[in-house]
Amino acid sequence: MAFARACSVALVGVEGVVVEVQADLEAGVAAFTLVGLPDKSLVESRDRVRAAVANSGAQWPQKKLTVGLSPASVPKGGSGFDLAVACAVLGAAERIDPASIADLVMIGELGLDGRVRPVRGVLPAVLAAAEAGYRQVVVPEQTAGEAALVPGISVLGVRSLRQLIAVLCDEPVPEEQEPHDQGRPDTMLAGLMVPGAGMGTGIARGSAQGEGNRPDLADVAGQERPRKALEVAAAGGHHLLLSGPPGAGKTMLAERLPAILPALTRQESLEVTAVHSVAGILPPGEPLVSRAPYCAPHHSATMQSLVGGGNGLPRPGAVSLAHRGILFLDEAPEFSVRALDALRQPLESGHVVVARSAGVVRLPARFLMVLAANPCPCGRHTLSGAGCECPPAAVRRYQARLSGPLLDRVDLRVAVDPVRRVDLMGQGGRGESTATVAARVREARARAAERLAGTPWTTNSEVPGHELRTRLVAAPGALLAAERDMERGMLTARGLDRVLRVAWTLADLRGAGRPDASDIAVALELRTGISRGAPMTAGTA
């Protein structure tokens with residue numbers, strides 16, 4: 001009997017579990033048995049591994065072969081175990097030294113000719129290996145940069161099984177032709193990630209475009225109030241509803257929001273990159289996501305595509321792909337009611353728990369949601385003399401598609417009026433640029449981070465209501481207007497907390513130590529749409 005073991009990683013959502021791949025050779029009829037809760041794609045690795053070993057110049061053992069994946073209780077799937085299975089078999093056959101692979105984590109798919117192909121989820125897999133105490137990993141050459149993001153890990157990128165065998169046996173490493181496919185399994189998806197393109201996945205990353213090619217906020221004609229609401233949303237991480245007729249600039253405003261958000265921190269970048277790696281949408285040559293992602297799914301998206309799902313273990317949905325970034329739902333009332341209401345839980349908790357027959361997965365979902373909506377099916381309901389022919393009942397049904405519990409979680413609700421001719425022709429003056437607004441947002445975020453240092457929260461939108469009412473209190477008498485609205489039933493308890501959060505953001509934008517009555521008035525106006533007499537610039541200048 002001969003025995004060898006290697007290691008690989010099984011992904012459960014965006015979290016990895018180190019798996020020991022054990023190979024055992026015994027005398028008997030030649031057979032290959034794979035055990036340890038593998039799925040169909042992993043069972044198929046038997047034929048891939050056998051062909052890859054033979055075509056790499058090594059002899060396949062003609063004995064009874066059993067390969068076990070431990071722990072057996074963890075579901076395992078995908079082709080990323082191929083490399084570890086091949087090396088464990090060669091170790092058991094004594095083609096390579098079993099001791100050289102015992103503590104080596106290997107991730108990669110094998111082609112029939114022995115080439116090593118990239119797989120999804122390399123970054124979370126290597127993070128899991130590092131947390132388990134492993135210090136050496138072998139990955140496909142195309143994903144070596146992604147694996148190298150994990151500190152304290154020695155990464156070996158290989159093009160073929162032949163190269164890995166030569167390295168492990170201290171033999172001359174053969175030259176291999178550079179692979180034609182430099183990307184990963186979903187390179188085609190990455191090529192469609194352009195904000196506002198209205199095609200493909202609707203997923204985009206802020207770093208996918210050069211600084212000079214990003215849409216500028218100065219291009220927006222007029223719309224002073226929505227522009228200020230956009231700035232408040234970026235500074236505090238507040239959810240935003242833009243409502244108005246078609247052509248008023250709702251989508252144009254939303255597409256300019258990513259550029260005014262601060263760059264991601266190192267920890268946030270790793271979180272976002274891990275999710276995008278599992279989804280297979282990291283563009284080649286960009287192993288680390290450094291800018292806030294932007295995800296704009298089409299209104300025909302299903303509930304599973306928004307929150308996550310799929311056959312077997314759930315895969316990340318739009319809310320997870322927008323983690324630490326923006327989820328933009330254009331034509332929000334056109335989404336299914338079930339899909340919209342499924343967003344209520346992640347909006348509060350910052351994560352989503354998806355249960356399927358294969359297991360339960362917890363996926364990160366701390367995003368800034370922007371909704372854009374028309375006032376009625378034809379979009380002309382609020383325009384005087386525009387000839388809206390929608391019956392009142394149809395208008396009510398259309399607006400009711402955004403449920404009360406969902407809207408209660410939206411901090412800012414702003415009407416986007418039609419653009420005036422004087423603004424469209426440039427006679428009203430050009431608005432502030434993205435760079436100017438982004439600088440104020442960075443300063444406001446820095447003030448909030450200093451105030452929240454030592455707490456689990458980083459933005460005002462995350463602070464619980466209890467903290468706002470006990471420790472982070474507003475100026476004396478500032479809450480009188482909000483308390484009156486609550487007594488009249490215009491505000492819920494959750495609504496009051498959100499008004500306080502927005503007020504803190506307004507105070508941060510103007511450099512104040514804490515919010516006063518004018519900040520509360522502006523926050524109430526941004527939430528209810530009812531003017532309180534305080535100028536909008538009072539909280540944002």
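Below, all heavy atoms of this structure are taken into account, side chains as well, without hydrogens, waters or symmetry copies. For the single chain, residues carry numbers from 1 onward in sequence order. Here the structure is a predicted model, which is why all the values come from computation and not from measurement.
Two residues are said to be in side-chain contact when any heavy atoms from C-beta on lie closer than 4.5 Å; Leu343 and Val319 meet this criterion. Looking at heavy atoms from C-beta onward, Leu306 lies in side-chain contact with Pro297 at the 4.5 angstrom threshold. When side chains are defined from C-beta on, Phe335 does not count as touching Met303, because their heavy atoms never get closer than 4.5 Å. The closest side-chain heavy-atom distance from Trp504 to Val463 is not below 4.5 Å. Contact check for Lys228 versus Glu231: side-chain heavy atoms found under the 4.5 Å cut-off.
To the nearest 0.5 Å, atom CG of residue Leu406 and atom CG of residue Leu241 are 9.0 Å apart. For the atom pair CG of Asp508 and CZ of Arg445, the computed distance is 10.5 Å after rounding to the nearest 0.5 Å. Here the straight-line distance linking atom NE2 of His276 with atom CD of Glu146 works out to 12.0 Å at 0.5 Å rounding. If you take CD on Glu268 and OG on Ser290, they are separated by 12.0 Å, rounding to the nearest 0.5 Å. Put simply, CG on Leu371 and CG on Leu402 are 6.5 Å apart, with the number rounded to the nearest 0.5 Å. Note that CG of Asn374 is 12.0 Å distant from NE2 of His381, once rounded to the nearest 0.5 Å.
When all heavy atoms are compared, the tightest approach of Cys390 to Val395 is CB-CG2, 3.8 Å. What you find for Ser320 and Val352 is that their closest heavy atoms are OG-CG1, 4.1 Å. Heavy atoms only, all atoms of each residue included: Val360 and Val12 are closest at O-CG1, 4.4 Å. Closest heavy-atom contact between Pro287 and Leu282: O-CD1, 4.0 Å.
Ion pairing between Arg527 and Asp408 holds under the 4.0 Å rule for side-chain N and carboxylate O. A salt bridge is defined here as a Lys NZ or Arg NE, NH1 or NH2 lying under 4.0 Å from an Asp or Glu carboxylate O, and Glu271 with Arg366 fails to meet this definition.
Of the possible polar contacts, one joining the Gln223 side chain to the Asp417 backbone as a donor-acceptor pair under 3.5 Å is found. Ser433 contributes no side-chain N or O that, together with a main-chain N or O of Ala218, makes up a donor-acceptor pair within less than 3.5 Å. A donor-acceptor pair under 3.5 Å is formed between the side chain of Ser269 and the backbone N or O of Val289. Remark: the backbone N or O of Met252 is paired with a side-chain donor or acceptor of Arg256 at under 3.5 angstrom. The closest donor-acceptor contact from the side chain of Lys250 to the backbone of Pro245 lies under 3.5 Å. Side chain of Ser277 to main chain of Val122: a donor-acceptor pair is present (N/O by atom type, distance under 3.5 Å, no hydrogens or angles). A donor-acceptor pair is defined here as one N or O able to donate and one able to accept, closer than 3.5 Å; such a pair exists between the side chain of Asp519 and the backbone of Asp516. Although no hydrogens or angles enter the test, the distance criterion places a donor-acceptor pair under 3.5 Å between the side chain of Asp216 and the main chain of Thr434. A donor-acceptor pair is defined here as one N or O able to donate and one able to accept, closer than 3.5 Å; no such pair exists between the side chain of Glu443 and the backbone of Leu509. No donor-acceptor distance shorter than 3.5 angstrom exists from the side chain of Arg440 to the backbone of Ala235, with no hydrogens or angles considered.
Using cut-offs of 30° and 60° for the angle between ring planes, the Tyr294 and Phe328 rings count as tilted.
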>> For Asp497 and Arg494: C-alpha separation, side-chain torsions, deciding distance, then whether salt bridge (Lys or Arg N to Asp or Glu O under 4.0 Å) applies.
In response: CA-CA 5 Å; Asp497 291 343; Arg494 181 191 288 120; over 6 Å; no
>> Between Leu500 and Ile520, is the side chain to side chain contact (heavy atoms under 4.5 Å, CB included) condition met? List the steps.
In response: CA-CA 7 Å; Leu500 289 173; Ile520 297 294; 4.0 Å; yes
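The residue from His238, Arg501, Arg451 that alone fulfils the side chain to side chain donor-acceptor pair (under 3.5 Å) condition with Asn460 is Arg451.
Judged purely by distance below 3.5 Å, without hydrogens or angles, the side chains of Glu462 and Thr459 pair a donor atom with an acceptor atom. There is no side-chain donor-acceptor pair under 3.5 Å between Glu255 and Thr251.
Atom CD of Glu348 sits in a crowded spot, with more than 12 heavy atoms from other residues, nucleotides or ligands closer than 6.0 Å.
Remark: Pro405 pairs with Arg344, Ser403, Arg409 by the side chain to side chain contact (heavy atoms under 4.5 Å, CB included) rule, at least two apart or across chains.
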